[in-house]
Amino acid sequence: MPPVISVAMPETSGSYADRRLGAIGRARELSVLWLDQRKDVPGRARTLLAELQASTAEMEAALGSALAAKDILVVGPGQQLLEMAYFGVRNQVTGIDLDVIPQHPSALEYLHMLRSNGGIRTLKTVGRKLTGFDQTFRRELERQAGAAMPRDLPVVAMDAGAMTFADQSFDCVFSHSCFEHLTDPEAVMRQIGRVLRPGGLAYISVHLFTSDSGCHDVRIFANRREAIPPWSQLRPQFKDRVQPNSYLNEIRLDRWRALFTSRWPGVAFRFRPDQDPARVRQLHELRAAGELGEYADEELLNIDLVAEWVKPG
Ligand SMILES: C[S@@+](CC[C@H](N)C(=O)[O-])C[C@H]1O[C@@H](n2cnc3c(N)ncnc32)[C@H](O)[C@@H]1O
């Protein structure tokens with residue numbers, strides 16, 4: 001891992017997942033997560049692996065070289081560190097996350113997590129570890145990838161908007177489903193530009209708030225849609241039903257494009273479309289009923305916006 005100059009994390013920073021859901025909302029969230037995470041582990045691992053392989057191919061095309069023996073920074077790897085494990089097979093990988101991420105069954109690590117990230121985040125992580133979910137999923141991912149993935153990964157608790165790595169420390173910065181949680185994405189883009197080497201690649205995937213699942217209500221991820229009609233967060237009559245599981249900046253597509261382009265001239269964009277075959281028909285019906293008129297199809301029917309930028313040499 002490149003040297004960290006200093007880590008300026010407050011003792012109790014809270015977690016991006018701290019949301020006031022109330023006791024019933026939180027219990028519902030946990031039970032949905034519990035049931036969902038046990039379902040179809042091979043299928044979920046296959047989907048994740050396909051996504052990571054597609055990202056790798058796109059990163060290699062942008063870099064003009066194989067994604068091997070590179071210094072890669074993963075911004076916001078999350079509690080399971082799966083992206084770091086995957087890239088770490090062929091590269092030196094470092095992660096930074098606002099949350100403390102325990103990697104050993106150590107009371108001290110969990111105490112640190114509790115103090116830093118609060119009870120809900122800690123409870124979710126302990127639950128997944130105790131039930132063996134994380135280990136089972138990681139093993140399945142390794143089996144399908146045909147490679148043992150590194151453990152004991154170098155993750156630092158650090159705010160991506162105030163990184164403490166030296167300039168030009170990395171060949172690549174990867175981030176998936178983190179930017180929509182940032183309070184100040186411009187500060188993070190500035191930091192990424194600083195820590196990348198000339199010719200290095202930023203590969204940032206943002207889950208669009210305006211996509212059907214962009215409100216981060218776990219019932220959508222678990223396909224329990226009874227109480228949440230499509231795009232509820234954008235429809236005044238259903239907005240109150242939505243229970244986001246984390247802080248969301250609610251930035252829309254045009255603003256993302258403007259932010260990335262002004263900070264990183266020449267940045268290229270791609271979309272990851274919503275694969276649900278019902279979605280286009282649902283949108284057609286809603287438009288016919290006079291709803292969602294102020295949103296463009298591309299911000300409703302794409303789940304992720306991917307920004308790729310090569311730092312000029
Ligand atoms: C939804 S999770 C994404 C995890 C993983 N990348 C994935 O796609 O499954 C977002 C992660 O970003 C982290 N995060 C949010 N704000 C951050 C910040 N300012 N600096 C570093 N990490 C941050 C959160 O703690 C969380 O672990």
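The first residue of the sequence shown is numbered 1, and numbering continues consecutively from there. Just so you know, ligand 1 is whichever comes first in the structure, and atom 1 is the first atom listed for that ligand.
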Please list, one pair per line, the donor and acceptor atoms closer than 3.5 Å that link side chains of residues 301-308 to other protein atoms, with sequence neighbours excluded.
| unit_1 | atom_1 | unit_2 | atom_2 | d |
| --- | --- | --- | --- | --- |
| Asn302 | ND2 | Glu298 | O | 2.8 |
| Glu308 | OE2 | Arg270 | NE | 2.7 |
| Glu308 | OE2 | Arg270 | NH2 | 3.1 |

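With contacts defined as side-chain heavy-atom distances shorter than 4.5 Å, the pair Ile192/Arg263 does not qualify. The closest side-chain heavy-atom distance from Pro229 to Gln237 is not below 4.5 Å. Phe170 has its side chain within reach of Phe165: a pair of non-hydrogen atoms, C-beta onward, lies under 4.5 Å apart.
Nearest to atom 8 (O) of ligand 1 by heavy atom, out of His176, Gln80, Met84, is His176. Here the shortest heavy-atom distance to atom 21 (C) of ligand 1, taken over Leu48, Leu98, Asp184, belongs to Leu98.
Between Asp159 and ligand 1 there is a heavy-atom distance shorter than 4.0 Å. Ligand 1 has Pro77 within reach: a non-hydrogen atom of the residue lies less than 4.0 Å from it. Not a single heavy atom of His207 sits less than 4.0 Å from an atom of ligand 1.
Considering both main-chain and side-chain atoms, Gly76 comes within under 3.5 Å of ligand 1 through a nitrogen or oxygen pair. The shortest N/O to N/O separation between His181 and ligand 1 does not fall below 3.5 Å. Considering backbone and side-chain N/O atoms, Gln79 never comes within less than 3.5 Å of an N/O atom of ligand 1. Here's the thing with Ala160: one of its N/O atoms is less than 3.5 angstrom from an N/O atom of ligand 1.
Between the CG atom of Leu182 and the OG atom of Ser175 there is a distance of 7.0 Å, given to the nearest 0.5 Å. Rounding to the nearest 0.5 Å gives a distance of 10.5 Å between CG of Asp171 and CE of Met59.
For ligand 1, the atoms lying closer than 4.0 Å to a non-hydrogen atom of Cys178 are 12 (O), 14 (N), 23 (C). Every atom of ligand 1 with a heavy atom of Met158 under 4.0 Å away is listed here by number and element: 20 (N), 21 (C). For ligand 1, the atoms sitting less than 4.0 Å from at least one non-hydrogen atom of Leu182 are 16 (N), 17 (C), 18 (C), 19 (N), numbered in the order shown with element in parentheses. Short contacts between ligand 1 and Ser177, defined as distances under 4.0 Å to a heavy atom of the residue, involve ligand atoms 1 (C), 2 (S), 3 (C), 8 (O), 10 (C). For ligand 1 and Gly78, the ligand atoms under 4.0 Å from any heavy atom of the residue are 4 (C), 27 (O).
For Tyr203 and His176, the ring centers are positioned 6.0 Å apart or more.
For the 3.5 Å distance criterion, the side chains of Arg279 and Gln282 qualify, holding a donor opposite an acceptor. Side-chain contact check for Asp71 and Gln92: at least one donor-acceptor pair (N or O, by modelled atom type) lies under 3.5 Å.
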